[in-house]
Amino acid sequence: MGAPVSELNPAQREAVTTLSGPLLVLAGAGTGKTRVITYRIAQLVKHGTPPHRILAVTFTNKAAREMRERALRLLGKRPRGAKPPEISTFHSLCVRILRRHAALLGYPTEFSIYDRGDQEMLARLVLRDIRVSDSTLRPGELLGFISTWKNQNVSPDEARQAAEGHRAEVAAQAYARYEAQLRAGGSMDFDDLLLQTTRLFRDHPEARFAEASRFDHLLIDEYQDTNRLQYEIVKALAQRHRNLCVVGDDDQSIYGWRGAEVEHILSFQNDWPDARVVRLEFNYRSRAPILELANKLILHNSARHQKVLRASREGGVPPRILRMEDENMEAEHVVREIRQLLVGDAERRVSPSDIAILFRTNEQPRAFELELRREKIPYVLVGGLSFYDRREIKDVLAYLRVLANPLDEVSLLRVINTPPRGIGPSTVETLLEHAVSQGRPLWTVLPEAESLSLSEGVVSRIQGFQKLLDGFRAKLGTMPIADLVRALLDAIEYRAELERVYTGPGEAESRWLAIEELVNAAALYEQRTDAPSLLGFLEEAALADRDDKDQESGRERHAVTLMTLHSAKGLEFPHVYMVGVEEGILPHQRSVLEGRGVEEERRLCYVGVTRAQETLTLTFTKARMKWGKPRPSIPSRFLMEMRGETERARRAAEAAMALFGSGATGRPRASSAPESEASSGKRSTKGSRKPREATRKRSAS
DNA sequence: ATCAAGCTATTTTTT
DNA sequence: ATAGCTTGAT
């Protein structure tokens, strides 16, 4: 056992052997960050820290999994019964903390976790309740407001007071109801997991103490992406022992829109004045010419820790920048090149898994998927519709969640008439009204259906539904989850329902297969978990990575990877294609219009470039379809910045402003006037606007 | 209750 | 271009 520290370079060694006190590791891209963390864990153990007293926190499950594997490999066999180091994401860490102290916060221990889809459903419900039309505030936008508020620890009341403008006011009002609903349903959304943890720590020192006492060492990966709540949690947990090691790269902070604040890593030394700072600047990943590009690019950002990545791998070919006619040609060309790489000559043959296509928005991969399929090249699209997003899976999970937590109203509403059992929308409406007027959860008013003016048949169906759930709830814990799910599916005749609804060839079959996969997942979960519970399984399902399933089935191993720049963080590939490097896409139009978003976009570009080990190809098009119409595109300013053409970069930015700034700003809300004339005609804004203003004035006076 | 046709708004990134 | 939703007909 033990980590061969001699394999490390001096900076890495310092980071690994500074075992106590606060430590900031500024780890540039490809400098062996994961290695440092895992070696450090091994080193701590070697010097007597019991593994289970070490907590390492990552941002994704994937990172956690990888780190766990690597750490365990380094640690070697551990004595029977000894617990491994705890390596988990912020979110699952918080779930565990909250389950232990839920009562203190007034939540049931079995609180449900709402994922993005559930949140959206709840948002829709709430907006309907306060009778706001979708056009004022769409569910997604409301969730944006709410998430921001939660991340700032702003209560609905405070939000309402601070709200400026109609939309914000409506959002604040909706926020209050959203919170009330969540709370009444004994449920938390993703933000709550963090928020409630900070509240717990703030209001219940004994709980904070208990949690902080579980560990003697705390390591945080990707520290540049911590938001305010995560930051609070880290502080609370590290306060006692002060053995806090944070690792990150301010140049790779790309989650500002989600509340991440680079300031945390930039000002780490203010919080921990005695912190040691170690810089890792030796890049082991990319060939020199690739790194050169990356360095040149990131120099254009202002607020950052000064550092320059130095290549340890000389040689290699300079990255290429290719111009394509349109997005179809772009896809065609890239895929053709990939084909060549795959065929290659015997000794330099490339495996599909060595290749990645990276893009900014989720709409971009379409053309590439088409082309890859045509060429019969295996690929995985990371982050697309996840297994757990599938309708049939959500249905089943909703049933399970209602079983675990009858208060979970979103899930209850989802299953109450799924499959159709004659409890239609109007019935549900009546029930809901009754529940709301009584101020009680929907589930508890079901037995009173009789007292409402509902037909006899409806009442008995409601009772039947309730009995069904009660029956299964009684069975909880008495049989394996997998069996329970099977029995439940039988009871509701779900397979027949699938066959009724999905008539396409093989569609019902494939959906049923997905369900079987879920049952398998349940069985698997029970096998590998010490004390399996329905809650635990649901938790996994809610927090699971989107690509978990691919990983497990090994589909990923021999496939080209397609993913967004965001999900590429932390990964590396011998051959990288970054596509659609254009104004409006890579500095995304929206972040440009918002003004201060460009630096983050640049970091995003930087992340993409630094994924590449051997070759990097950047592409842009001359024109691209938008809203069904072709639109000329402007090559991204980042391309010019990378080549040192600062002046041309500035001109590209200006051209982009001219193109997007005027066209896309105002949203024609109440314009009932025929849009076609104004937009399809020439640009003479004055000409077309004047008459309209004139009419308006006339009608006003 | 169900389905087709037609209308609409949508284009950032996700634990 | 297209998904998702409302509308109107069975």
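Chain letters run A, B, ... following the sequence lines, proteins first and then strands; every chain starts at 1. Atom set for the values below is all heavy atoms of this structure, side chains included, hydrogens, waters and symmetry mates excluded.
Each of B:dA1, B:dT15, C:dC5 was ranked by its minimum atom distance to the side chain of A:Arg124; first place goes to C:dC5. Closest to the side chain of A:Pro420, out of B:dT15, B:dA1, B:dT11, is B:dA1. Closest contact between the side chain of A:Glu363 and the listed nucleotides B:dA1, B:dT11, B:dT14 involves B:dT11. Distances from the side chain of A:Arg366 to the nucleotides B:dA1, B:dT14, C:dT2 place C:dT2 closest.
If you check every strand for non-hydrogen atoms under 4.0 Å, A:Phe59 touches sugar and phosphate atoms only. Among the protein residues, A:Phe90 comes within range of no part of the nucleic acid, since none of its heavy atoms lies under 4.0 Å from any strand.
Note: CG (A:Leu562) to P (B:dT13) measures 15 Å, nearest angstrom. Rounded to an integer number of Å, the gap from CD of A:Glu141 to P of B:dT11 is 9 Å. One can place CG of A:Leu370 at 14 Å from P of C:dA1, the figure rounded to the nearest angstrom. A:Arg391 places its CZ atom 13 Å from the C1' atom of C:dA3, with the value rounded to the nearest Å. Between the P atom of B:dT15 and the CG atom of A:Asp221 lies a distance of 15 Å, rounded to the nearest Å. As a whole-Å value, the separation of A:Arg603 CZ from B:dT13 C1' is 13 Å. Atom pair A:Gln364:CD and C:dA1:C1' shows a separation of 16 Å (rounding to whole Å applied). At whole-Å resolution of the value, CD in A:Glu120 and C1' in C:dG4 are 12 Å apart.
The shortest distance between the side-chain N/O atoms of A:Asn362 and the OP1/OP2 oxygens of B:dT13 is below 4.0 Å. One finds no side-chain N or O of A:Ser591 lying less than 4.0 angstrom from the OP1 or OP2 phosphate oxygen of B:dT13. One finds no side-chain N or O of A:Asn227 lying less than 4.0 angstrom from the OP1 or OP2 phosphate oxygen of B:dT15.
Rounded to whole Å, the P atom of B:dT13 lies 15 Å from the corresponding atom of C:dG4.
Evaluation of the ring pair (Phe, Tyr, Trp, His ring centres under 6.0 Å) rule for A:Phe537 yields A:Tyr525 as partners, not counting sequence neighbours. Scored by the side-chain hydrogen bond (donor to acceptor under 3.5 Å, both in side chains) test, A:Tyr175 finds no partners at all (sequence neighbours excluded).
Heavy-atom distances to DNA chain B give each of A:Ile423 and A:Lys626 a nearest nucleotide, and the one nearer the 5′ end belongs to A:Ile423.
Stacking between A:Trp257 and B:dT13 is present: the aromatic ring centre lies within less than 5.5 angstrom of the base six-membered ring centre, and the two planes differ by under 30 degrees.
You'll find the ring centres of A:His566 and A:Tyr255 inside the 6.0 Å limit.
Using cut-offs of 30° and 60° for the angle between ring planes, the A:Tyr231 and A:His264 rings count as parallel.
With salt bridges taken as basic N to acidic carboxylate O contacts below 4.0 Å, none links A:Glu69 and A:Arg65.
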